[in-house]
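Step one of this worksheet: look at the structure below.
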Amino acid sequence: MTDSEYMLELTDVHKIYAPSTPAEVRALRGVNLTIKHGEMIAVMGASGSGKSTLLNMMGGLDRKTEGEIILDGIDMDTLSNKMMTTFRRDKIGFIFQLFNLFPFLTALQNVMLPLLLQQQDQAIARQRASRLLRELGLGGRLDHKPGELSGGQQQRVAIARSLITQPKLLLGDEPTGDLDTTTSSDILSIFRRLNKENKQTMVLVTHSEKIGELCDRIVRIHDGKIVEEEK
Ligand SMILES: Nc1ncnc2c1ncn2[C@@H]1O[C@H](COP(=O)(O)OP(=O)(O)O)[C@@H](O)[C@H]1O
Ligand SMILES: [Mg+2]
């Protein structure tokens, strides 16, 4: 592990889906971006511009086609898929656009799971997960399954699950997209506080200019290219 000042360094990153077929899509077309440890960044752009693809590349959920991605000092090309999975489990929190909660587990069990996968003690996992869910306003829903929760409540369970391990890097794909304005700004202040307290790096895809303004920097993407960075 190096002591790089950057959490992420992307150099000329390209992603082509279904290359050399009639279905070929050039989703990322030469992205250059560096993100410092502890930065909180908003990624904004129209639907189809490549935001989710970019996040997937940053979190090692999918491999780039060309270019270089250095994550916390490690060239992602040097990690096997198995190493990548462990790396992700221990360092990265992901809030997916479609939540990806386990339907047969309760809210509490969904949030405990990442800790259990890290071999943490069950009682401690339960305690930490219920505290975090209460903090996110779900104290009365611990034993509900995702199907018994509203979209906004499911989203908050997904947020809790991504934060429970205190990951160095949090990647959120429209993490507050299903929340009303008040809940959304409450969640944003929790993100901001954790970002400051734990020096967690955060990359949040959002359509909200208001959320963008609360971040340290806005990165705008258009047709797979970064077109603007604002402080
Ligand atoms: N798995 C995939 N296979 C083929 N094309 C994809 C896939 N995922 C995304 N795309 C295409 O890549 C482009 C960027 O998609 P995406 O990153 O999801 O954009 P955004 O999140 O900004 O809406 C779009 O044209 C989309 O249709
Ligand atoms: Mg998307």
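Ligands are counted one by one from 1 in listed order, and the atoms in each one are counted from 1 as well.
- Applying the side-chain contact (heavy atoms from CB on, under 4.5 Å) test between Phe191 and each of Leu214, Ile211, Leu204 identifies Leu204 as the sole match.
- Contact shell of ligand 1 (protein heavy atoms, cutoff 4.0 Å): Tyr17, Val25, Ala27, Ala46, Ser47, Gly48, Ser49, Gly50, Lys51, Ser52, Thr53.
- In this structure, the separation between CG on Leu169 and NE2 on His37 is 10.0 Å, given to the nearest 0.5 Å.
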Test log, rule salt bridge (Lys or Arg N to Asp or Glu O under 4.0 Å), inputs Lys15 and Asp62 | CA-CA 10 Å; Lys15 175 64 180 179; Asp62 194 3; 3.4 Å; yes
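- Thr53 lies apart from the Mg ion (ligand 2) in this respect, since none of its N, O or S atoms is found at a distance under 2.8 Å.
- A donor-acceptor contact closer than 3.5 angstrom links the side chains of Thr183 and Asp180.
- Rounding to the nearest 0.5 Å gives a distance of 13.5 Å between CG of Leu54 and NZ of Lys64.
- Partner of Lys168 under the side chain to side chain donor-acceptor pair (under 3.5 Å) criterion, out of Asp72, Asp90, Asn198: Asp72 alone.
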